[in-house]
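Below: one structure, written as structure tokens.
Order of listing sets the numbers, starting from 1, for every ligand and every atom in it.
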Amino acid sequence: MSVLDFFIGLAGGEPGRVFGYLTSGGTEGNMFAVWVAREQHPDAVLYASAEAHYSLPKLARLLRMPYVAVKTRADGTMDTSALVRELARHPGRAAVVTATIGTTGRGAVDDLPGVRRALAAAGVGRAWVHCDAAFGGLLAEFCDEPIPWNLASGADSVAMSGHKVIGCPVPCGVVLVPESDVVAIREEGVAVGSDDDTITGSRDALAPALLWYELRRLGRRGLADRALQCHRTAAHAERELARLGRNPSRARGGTIVLFDAPPQDFCHRWHLVRDESHAALVVMPHVTERHIDRLCAELATG
Ligand SMILES: Cc1ncc(COP(=O)(O)O)c(C=O)c1O
């Protein structure tokens, strides 16, 4: 089993029709996918939700693409009605839309079929939909309810991370795009003994080996158990924080629990991201129900 084949299968891609490589992380995956998309549609405007990862506006600057941050709904997902209105402001131009599958701030999963419907409603014929699934791809794949997130659900490209849910100890990721579209960026034979069809030249050989080891060790079943465990622990946290009157909320398919913020020193001790009103408890595979119970006991005693 090669690492790439595993991810192509996970993302519902057709072997032989999908090009991919192991990146340095989610940012490079987003960058590569949007670059390939921009080569197909040189006049494209890049759209992503206002809660998308900061790499999106940054790579729009790098690629000199106009960038539109589409407003989000109360649940943190892209407002697809607002997307239709934004698309209408750029008549005749192609669109590259990034759907975030698990926002960094609260794990919200954008409505991928809804993005496709918005493009159709706005009459945009030349479009590319990229899924930034760096954080939530695996969580969406292995959720109790089906959540569209990948190539099989209508994305043209997908970027995923290897150091989040899979837990690779060095940063890495995977990007997948249509093989037929990579031709536009490929420079044949310019690298020693190979083509140049990636962003970086020399790349880390350790990360693929570590990923390969972990994927072999866990298998699809082990990964599913790991993701389901995160969902169960997040549900447990939501229940326990509700019992304490902390108004918890959790995005569909996500494992981040937002709740009324405790004092700063508490958040610091428990590694909770905090804004003026909320703390974010991010349930990753190492977080157990015992951690949640300890945190809640400490919260209860004030
Ligand atoms: C949704 C999302 N996209 C992209 C990234 C960027 O990933 P990396 O830090 O591996 O470049 C992150 C990282 O937190 C993320 O949460």
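A salt bridge links D156 to R116: one of the charged nitrogens lies within less than 4.0 Å of a carboxylate oxygen. Taking a cutoff of 4.0 Å between a charged side-chain nitrogen and a carboxylate oxygen, R226 and E214 qualify as a salt bridge. With respect to E179 and R186, a salt bridge is recorded, a charged nitrogen being found less than 4.0 Å from a carboxylate O.
When each atom of ligand 1 is checked for a heavy atom of T27 under 4.0 Å away, the hits are 6 (C), 7 (O), 8 (P), 11 (O). Set against the non-hydrogen atoms of G102, the atoms of ligand 1 under 4.0 Å away are 1 (C).
In the candidate list E51, H53, M31, H53 is nearest to atom 5 (C) of ligand 1, counting heavy atoms.
Shown here are the ring pair (Phe, Tyr, Trp, His ring centres under 6.0 Å) partners of Y21, two or more places apart in sequence or in another chain: F32. For E141, the salt bridge (Lys or Arg N to Asp or Glu O under 4.0 Å) criterion is met by R220, not counting sequence neighbours.
With respect to atom 8 (P) of ligand 1, the closest heavy atom belonging to the protein is G26 N, 3.4 Å. At the shortest separation from atom 16 (O) of ligand 1 among protein heavy atoms lies T104 OG1, 2.9 Å. Nearest protein heavy-atom neighbour of atom 14 (O) of ligand 1: K164 CE, 3.3 Å. What sits closest to atom 2 (C) of ligand 1 on the protein, heavy atoms only, is D132 OD2, 3.5 Å.
Between F135 and ligand 1, a contact under 3.5 Å exists for no N or O pair. Residue H163 places at least one N or O, backbone or side chain, under 3.5 Å from an N or O of ligand 1.
Looking only at atom types and distance, the side chain of T288 has a donor-acceptor partner in the side chain of H291 under 3.5 Å away.
Under 4.0 angstrom from ligand 1, there are no non-hydrogen atoms of E28.
Counting heavy atoms from C-beta on, the side chains of L62 and W35 never come closer than 4.5 Å.
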